Amino acid sequence: MQRLTSQILSYAEQLPDGTALSAKSLLHLGNRAAVDQALSRLSERGELIRAGRGIYMKAIKTRFGTRPLTVEQAVEAVAHQRGEVIVSNGAAAANALGLTTQVPVRSIYLTSGRSRTMNVGSQKVELKHVPRWQLSLAGRPAGVAVRALAWLGPERAEEALLNIRRKLPPEAFNELVAAAPQFPTWLARSVGKAAHG
């Protein structure tokens, strides 16, 4: 077992910071039960950080010692490992666009996968499953606008779209308009009004 733990650790050391490990990706080193146990031991010793169920990441070493991953790094690693789309929630998106001064207190992300909670260090991160349209244009400024509008709802969407149109570059706003057919009727109508008057 000690040999397997050392093998996993040396494998992890070769990976860039923020790269996720899973038991399935380490089966070339040993059987599943042994790999799971070795990962658990490495996590208990602080060599690896458990980012989610079955997902571990190498602790980041600095000249001041090791530090845990940021929530964003852990979420990105989980998204990559599981093949999910994971994006910030609507409240964070609305705040980023200056549509609200509310700052989200809890770490909530929207996902194409199942709803669940994961621990990143001492912080709880909530992953909420949402309809596919809320995840459209992920990683793009227009996608931030989609999530902000979903959070604001039908009552405030039209007014918010006037601000969003001024804040987004024209190509990003055009992306939002082009994606409107996949949105719910209330949002598609509001985007159409903002685009065509």
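None of the values given here were measured: they were computed from a predicted structure.
Atoms CG and OG, on Leu27 and Ser25 in that order, are 8.0 Å from each other to the nearest 0.5 Å. If you take OG1 on Thr100 and CG on Asn95, they are separated by 6.5 Å, rounding to the nearest 0.5 Å. One distance of note links CD of Glu76 with OH of Tyr109; it measures 10.0 Å at 0.5 Å rounding. Rounding to the nearest 0.5 Å places CZ of Arg32 at 9.5 Å from CG of Leu26. Taking CZ from Arg45 and CG from Leu9, the interatomic distance works out to 6.5 Å, rounded to the nearest 0.5 Å. Between atom CG of residue Leu127 and atom CG of residue Asn89 there is a gap of 11.0 Å, rounded to the nearest 0.5 Å.
Checked against Leu110 for a side-chain contact (heavy atoms from CB on, under 4.5 Å), the options Leu135, Val85, Ile86 give a single hit: Leu135.
Of the possible polar contacts, one joining the Arg165 side chain to the Ala194 backbone as a donor-acceptor pair under 3.5 Å is found. The main-chain N or O of Gln134 is found under 3.5 Å from a side-chain atom of Arg147 such that the two form a donor-acceptor pair.
Environment of CD in Glu159: sparse, with no more than 12 heavy atoms of neighbouring residues, nucleotides or ligands closer than 6.0 Å.
Proximity of Ser112 to Arg132: side-chain heavy atoms (C-beta onward) are separated by under 4.5 Å at one or more points.
Within the structure, the salt bridge (charged side-chain N to carboxylate O under 4.0 Å, His left out) test picks out the following pairs touching residues 83-106 (sequence neighbours left out): Glu84-Arg116, Arg106-Glu126.
Minimum heavy-atom separation, Ala180 to Ala188: O-CB, 3.5 Å.
Grouped with Leu161 in one hydrophobic cluster are Leu97, Leu99, Trp133, Leu137, Val144, Val146, Leu149, Trp151, Leu152, Ile164, Leu168, Phe173, Leu176, Val177, Phe183, Trp186, Leu187, Val191, the linkage being side-chain heavy-atom contacts under 4.5 Å among Ile, Leu, Val, Met, Phe, Trp and Tyr residues.
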